[in-house]
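Let me begin by presenting the structure, written as structure tokens, before commenting on it.
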Protein chains: 2
Amino acid sequence: MAQQPMYRRIAEDLRLKIESGVLPAGKQLPTEGELSEEYGGASRNTIREAIRWLSSRRLVGTQPGRGTFVAEQVKQFNVPLNRPIESEAFEAAVREQGRVPRMDPPKVEVQSAGAELVSELQVEPGSSVVIRHQERFIDGGPSSLQTSYYPMAFVDGGAVELLQAKDITKGATKYVEEKLGIKQAGYRDRLRVRSPNAGEVTFFGVPDDGTVLMVVTNRTAYTAEGKPIRFTVTVFPADRNDFIFESGRVPPLDSSN
Amino acid sequence: MAQQPMYRRIAEDLRLKIESGVLPAGKQLPTEGELSEEYGGASRNTIREAIRWLSSRRLVGTQPGRGTFVAEQVKQFNVPLNRPIESEAFEAAVREQGRVPRMDPPKVEVQSAGAELVSELQVEPGSSVVIRHQERFIDGGPSSLQTSYYPMAFVDGGAVELLQAKDITKGATKYVEEKLGIKQAGYRDRLRVRSPNAGEVTFFGVPDDGTVLMVVTNRTAYTAEGKPIRFTVTVFPADRNDFIFESGRVPPLDSSN
DNA sequence: AACGATTTGTTCGTATGTATC
DNA sequence: TGATACATACGAACAAATCGT
């Protein structure tokens, strides 16, 4: 029975201290030098391996120049999948959970459709697509990045507000329905977990060490005839969000949870 | 403008080679010693930092004694959230996607309810709970771990098969309804991402470095009166599964995707 | 079955860089 | 500005896993 490497045993010992409350959330760990002494003169590199193991599990966080701290438990936000994901729905969901929403005005762009969009929106390769991008915040901190894609044909058909860099107050879905008579009959979400890209690391302020992951929800909305009318990508940090999906009749969700 | 550390630049260079196809999936990278020479005599530790960066993003995988290999793309499985999650539904979903399901017979256990179960099942603290645990496989590889919890009162009331370590062919939900007249009216899923525990690392055969995460779906099923009747936890490796949720009317999902 | 060669994993020591207070 | 603490980088040695002989 081979025993575990030293850094692993040290990490395990620290993990127990954290989970048992000897080292409470927010508390600073001894410095690497101190831990080195504490654990029988193990090399500072070995201590760093142990801390890295804890860090990759988000049990601790390191801050250059300050120290290593036991991770604070972050309050989870419940992302309701059964509801619309437009601005008003986001605001309502956040307020329901007793928190404060904020949204930047959308950035609008026109690009030619790449492979994914061609498949999701069923448009011609290289045809123009309207992109509406919005940054969202909860309690002043970054919450999510949302990007919606519409066929340019919608704008040509009269839905010109899609090109304006401001919120469509009545909701883009309703707006498209009123302007073009294109009515949403349903949608499909696909949730996937992946590493953040450079822009997401910046926006969310997460460490760039591959430990924090993102949940990406791809929502494709369809008409009754099965024609896709919108493709929306929303990116959330995986460690601060739960995704709630309800089917049939269920009692209301206790928002304290 | 501070430039990036060397290990990061090396990692970025290797990342480009991987993403551009110079290093195709499955290909072995040069050994650490060779890379050390390639990158201007950088120390082997620095090379290892670069590889660690790639590894934490699942771009490469290392195998002691063998080498470092570009990660193979794993075929995603679509987990349908709109459907039941009992054995038959799992089998059907897997077959629909052209793959081969397998399930071990369930392990049954009785435990006293801890805090989470007390809250989810609304049972008395310390009261007995029936636990049914099942391991599931797709194409011979580990797919998911599912654990369902029922109040012991169901067994006392006559649903004795809940205690037997074999599949309830008609489905546990239907069985409970027939035996006890307790009818499921709806359910709520909560998806959350976390690190695997020791048992999950073993079962799924994933590296224990905190890089591979799990998606846990907690499903609580309710009666029309809002009484919880079942609590089910299913654990999936985050990198091999997409979670699909449909609302309203949507065209069928192309299972090739 | 045993051994040696190869490759990654662990541990040490040391020096210097950079962020914070 | 100096002191402190984590981050990067180097060099070295040995351990452990793998594979072919």
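This structure is a prediction, so every number in the text was calculated from the model and none was measured. Throughout, a chain's letter reflects where its sequence line sits, starting with A, and its residues are numbered from 1.
Taken residue by residue, residues 196-208 of chain B places no heavy atom nearer than 4.0 Å to DNA chain D. Contacts of residues 6-13 of chain A with DNA chain C (heavy atom under 4.0 Å): A:M6, A:Y7. A heavy atom closer than 4.0 Å to some atom of DNA chain C occurs in B:R44, B:R48, these being the qualifying members of residues 35-53 of chain B. The stretch residues 58-73 of chain B touches DNA chain D through B:P64, B:G65, B:R66, each having a heavy atom within less than 4.0 Å of the strand.
In this structure, the CG atom of A:L29 is 13 Å from the C1' atom of D:dC6, given to the nearest Å. Atoms CD (B:E34) and C1' (C:dT6) sit 11 Å apart, rounded to a whole Å. Rounding to whole angstrom units, CD of residue A:Q4 and P of C:dG9 are separated by 16 Å.
In summary, B:D242 and B:R240 do not engage in a salt bridge, as defined by a charged side-chain N under 4.0 Å from a carboxylate O. Ionic pairing of B:D13 and B:R9 is not present here: no N-O contact between side-chain nitrogen and carboxylate oxygen is shorter than 4.0 angstrom. Between B:R52 and B:E32 there is no salt bridge, since no side-chain nitrogen of the basic residue lies less than 4.0 Å from a carboxylate oxygen of the acidic one. The residues A:R57 and B:D208 are annotated as salt-bridged, a charged nitrogen and a carboxylate oxygen being separated by less than 4.0 angstrom.
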Report task. Any chance you could lay out the side chain to side chain contact (heavy atoms under 4.5 Å, CB included) test for A:F243 and B:D189, step after step, and finish with the verdict? Result -> CA-CA 8 Å; A:F243 297 84; B:D189 284 344; over 6 Å; no
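B:E49 contributes no side-chain N or O that, together with a main-chain N or O of B:R44, makes up a donor-acceptor pair within less than 3.5 Å. The backbone N or O of A:T62 lies less than 3.5 Å from no partner atom in the side chain of A:T68, so there is not a single donor-acceptor pair. Of the possible polar contacts, one joining the A:S20 side chain to the A:L16 backbone as a donor-acceptor pair under 3.5 Å is found. Side-chain atoms of A:E135 do not come within 3.5 Å of backbone N or O of A:S144 as any donor-acceptor pair. In this structure, B:R219 contributes its side chain and B:L81 its backbone to a donor-acceptor pair below 3.5 Å. Under the 3.5 Å distance criterion, the side-chain polar atoms of A:Q97 are left unmatched by any main-chain donor or acceptor of A:V94.
Using modelled atom types and a 3.5 Å distance limit, the side chains of B:R136 and B:Q134 yield a donor-acceptor pair. In the model, B:N218 has no side-chain atom that pairs as donor or acceptor with a side-chain atom of B:R188 under 3.5 Å.
Between B:F203 and B:F137, the ring centre distance stays below 6.0 Å.
Applying the ring-ring contact (aromatic ring centres under 6.0 Å, His included) criterion to A:F69, with sequence neighbours excluded, gives no partner residue.
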Under 3.5 Å between N/O atoms: give me all the protein pairs with nucleotides 1-5 of chain C, atom names plus distance.
none

